[in-house]
Visitor: 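What follows is a single structure, and I will ask about it in a moment.
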Amino acid sequence: TGINFDKYDDIPVEASGPNVPPPITNFEDASLNSLLAENISLSGFLTPTPVQKWSIPICSAQRDLMACAQTGSGKTGGFLFPILNFAFDIGPPDDRENENVPGISLRQKIAMPIALILSPTRELATQIYDEARKYCYRSWVRPCVVYGGADINQQIIGAKRGCDLLVATPGRLVDMIQRGVISLKYIQFLVLDEADRMLDMGFEPQIRRIVEQEDMPGVHLRQTLMFSATFPKNIQILARDFLKEYVFLSVGRVGS
Ligand code: ADP
Ligand code: MG
């Protein structure tokens, strides 16, 4: 799997929607936060992949996005780079008081991430989390991961210790929200990664419950990014329901 990175420019890209921001050609064009740029180059990435060339400026322009691209095309960086670029620059929000008050016990703490990435499986969630950790190196942003089929108490302790960017499988997240451990009140970025697989696995009710939550900021404040390898009818409906004035991006050959 994976794309041939030498053949970047042969890959057909379709971008549509109102006022599509133009793609970048290298990371320098994205004027990334210097610490983030350093962390990206430490991970060995020299040039953005095609999906990253488009998604970084689209996301930085505060646009919603529906991106279809094959496995191995670099979608993870496609959403992590612009989200972290935003986060590094704003710094920790000081109104998330319960996080910052010294002396508050771990028991009382509630995780209040600013970015939520939904992923279908434990393996994929862990991969995204591991990548996020590399890019967050030496920054204030604390990534966190929760998934089903593992001890929830350990994950509760982990989330309370620090959770600015949360990677989660839908079922486990609903459970942790119900237990009052995680609040989505401060979410600014919502990513549905491998959206087609999440629907195939039957997660649509949980996803709708999370996305349509009342304590999430209004649709105009939140930016929603959907990534999928295919673009079947059920994903088109989800995009219509969740995204506003979005850019549709299709990289390479995409099935429906
Ligand atoms: P996808 O989510 O589209 O399946 P990934 O984000 O997992 O793809 O990336 C696939 C592989 O490509 C990973 O091994 C990743 O480290 C690598 N990769 C991603 N972006 C770049 C880049 N800009 N330059 C070089 N390698 C990259
Ligand atoms: Mg991926």
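We count ligands from 1, going down the list as the structure has it; atoms in each ligand are counted the same way.
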Visitor: Between Leu192 and Leu238, does a side chain to side chain contact (heavy atoms under 4.5 Å, CB included) hold up when you go through it step by step?
Guide: CA-CA 10 Å; Leu192 308 189; Leu238 221 55; 4.2 Å; yes

Visitor: Can you list the residues that meet the salt bridge (Lys or Arg N to Asp or Glu O under 4.0 Å) rule with Arg197, with sequence neighbours excluded?
Guide: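 Salt bridge (Lys or Arg N to Asp or Glu O under 4.0 Å) list for Arg197, sorted by chain: empty.
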
Visitor: Do the ring planes of Phe27 and Phe81 sit parallel (below 30°), tilted (30 to 60°) or perpendicular (above 60°)?
Guide: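 The rings of Phe27 and Phe81 stand perpendicular, inter-plane angle above 60°.
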
Visitor: Mark up the atoms of ligand 1 that fall under 4.0 Å of a heavy atom belonging to Thr49, in ascending order.
Guide: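 That gives atoms 20 (N), 21 (C), 22 (C), 23 (N) of ligand 1.
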
Visitor: Is there a polar contact between ligand 1 and Thr76, counting only N or O atoms under 3.5 Å apart?
Guide: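 Right, the criterion is met.
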
Visitor: Checking Asn19 now: which residues fulfil side chain to side chain contact (heavy atoms under 4.5 Å, CB included) with it, not counting sequence neighbours?
Guide: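 Here the qualifying residues are Arg63.
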
Visitor: Check ligand 1 against Lys75 and write out every atom of the ligand that is under 4.0 Å from a heavy-atom position of the residue.
Guide: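 In order of numbering, the contacting atoms are 1 (P), 2 (O), 3 (O), 4 (O), 6 (O), 8 (O).
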
Visitor: Closer than 4.0 angstrom, basic N to acidic O: yes or no for Asp130 and Lys134?
Guide: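 Salt bridge flag = no for Lys134 with Asp130.
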
Visitor: Would Thr47 count as being in polar contact with ligand 1, using the rule that some N or O on each side must be under 3.5 angstrom apart?
Guide: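 Min N/O separation from ligand 1 is below 3.5 Å for Thr47.
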
Visitor: For a 4.5 angstrom cut-off between non-hydrogen side-chain atoms, does Asn26 reach Asp29?
Guide: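 Sidechains of Asp29 and Asn26: in contact.
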
Visitor: Report yes if some N/O of Gln127 lies less than 3.5 Å from some N/O of ligand 1; otherwise report no.
Guide: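 No, no N or O pair falls under 3.5 Å.
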
Visitor: Atoms of ligand 1 less than 4.0 Å from Gln70 heavy atoms?
Guide: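 Listed by number with element: 3 (O).
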
Visitor: What atoms of ligand 1 come within less than 4.0 Å of a heavy atom belonging to Thr71?
Guide: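 By the 4.0 Å cutoff, the relevant atoms are 4 (O).
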
Visitor: Tell me, please: is Ala69 in heavy-atom contact with ligand 1, that is, under 4.0 Å?
Guide: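 Distance cut 4.0 Å: Ala69 fails for ligand 1.
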
Visitor: Working note: Leu36 + Asp89, criterion side chain to side chain contact (heavy atoms under 4.5 Å, CB included); need CA distance, chi angles, decisive distance, verdict.
Guide: CA-CA 10 Å; Leu36 177 61; Asp89 283 342; over 6 Å; no

Visitor: Which ligand 1 atoms does Ser73 reach within 4.0 Å, using its non-hydrogen atoms?
Guide: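 Ligand 1 atoms under the 4.0 Å threshold to Ser73: 1 (P), 3 (O), 8 (O).
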
Visitor: Closer than 3.5 angstrom, by distance alone: can the side chain of Glu131 be matched with the main-chain N or O of Gly77 as a donor-acceptor pair?
Guide: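 No: the side chain of Glu131 does not pair with the backbone of Gly77.
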
Visitor: Side chain or backbone, does Gly44 bring an N or O within less than 3.5 Å of an N or O on ligand 1?
Guide: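 Such a contact does not occur with ligand 1.
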
Visitor: My understanding is that we take every heavy atom of each candidate and find the minimum distance to atom 8 (O) of ligand 1. Doing that for Ala67, Gly74, Pro50, which one comes out nearest?
Guide: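 Looking at heavy atoms only, Gly74 sits closest to atom 8 (O) of ligand 1.
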
